[in-house]
Amino acid sequence: MDGSNGRLHVVAVGAHIHDAEVMAGHLVALYTSAGHSGTFVHATPGEKGSQALSADEYRSVKLGEARRTAGRLGADVRFLPYADAELPLDHPTRLHVAALFRELRPDIVLTHWRGSFHPDHWRTHCLVMDGLQMAADASVDVPGTPHRTRWVFFPENWEDMTGFQPEMLVDISAVYDRWHAAMMEQGLFRGEVSRFHYRKYYEGLSAVRGARAWTERAVALMRSPFCSDRQSQLPDWRMPAPARDPGREGGSK
Ligand SMILES: [Zn+2]
């Protein structure tokens, strides 16, 4: 929490454009809809995923999709300078991620569960977990003031299911339509790029998890032991609005 107005910052980190939004975009929208801040961070564009377009061509398509999706979900978007299928898992990259966390100062981080068959996904998990530790450690020499992130969760992703155990179900019914419309900005979700049925999978998954949560739509999460606040392990997913800024009364939409 930034301390000045009760506003929280939720940061979703994905390996490829589309990962963070498809697994966590609804969770980000829960926050941004209530006046909190959201940011999507993409470790790589996922620019090698098209059969029809070159990596250069598809990269520019993906960057546009990411910006439009984030805009529809009321969030910012950041791109790390790495290439699809070449995400480094080395010290300079950890330092880069740590500096980013000191800059963004998230309250909640959402990212890949480690049990993934995709190397970029488990590398992203490792970079995020190491980056969070390093961002919090004052002895680590990276730019910015040390920052400890309060909550870290791993939302369900079809590529990250090895050892995934749903520990929490979060009701996303209120923002499902907004999330779905945002995802339709992306060719992968529309079924135009991959033979995997992303849209059907995540539509069905949210309905299945929703049934288990006794609601319409839900998402399953695992919880990270990194969460530092033992007295209050869970954020309030019902999202009470932050203190209202009188200067903006009635100005939101
Ligand atoms: Zn991916």
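All of these numbers come straight from a predicted model, not from anything done at the bench. Values below: all heavy atoms of this structure, side chains included; hydrogens, waters and symmetry mates excluded. In each ligand, atom 1 is the first atom listed, and ligand 1 is the first ligand listed.
- Proximity of E21 to H42: side-chain heavy atoms (C-beta onward) are separated by under 4.5 Å at one or more points.
- In R190, the CZ atom is crowded: over 12 heavy atoms of neighbouring residues, nucleotides or ligands sit closer than 6.0 Å.
- Taking the six-membered ring for Trp and thresholds of 30 and 60 degrees, Y198 and W158 have ring planes more than 60 degrees apart, a perpendicular arrangement.
- Under the salt bridge (Lys or Arg N to Asp or Glu O under 4.0 Å) criterion, R199 pairs with E203, not counting sequence neighbours.
- Using cut-offs of 30° and 60° on the angle between ring planes, the pair Y176 and W179 is tilted.
- Note on the Zn ion (ligand 1): protein N, O or S atoms under 2.8 Å away count 3, no waters included.
- Counting non-hydrogen atoms of neighbouring residues, nucleotides and ligands closer than 6.0 angstrom, the CZ atom of R209 exceeds 12 such neighbours.
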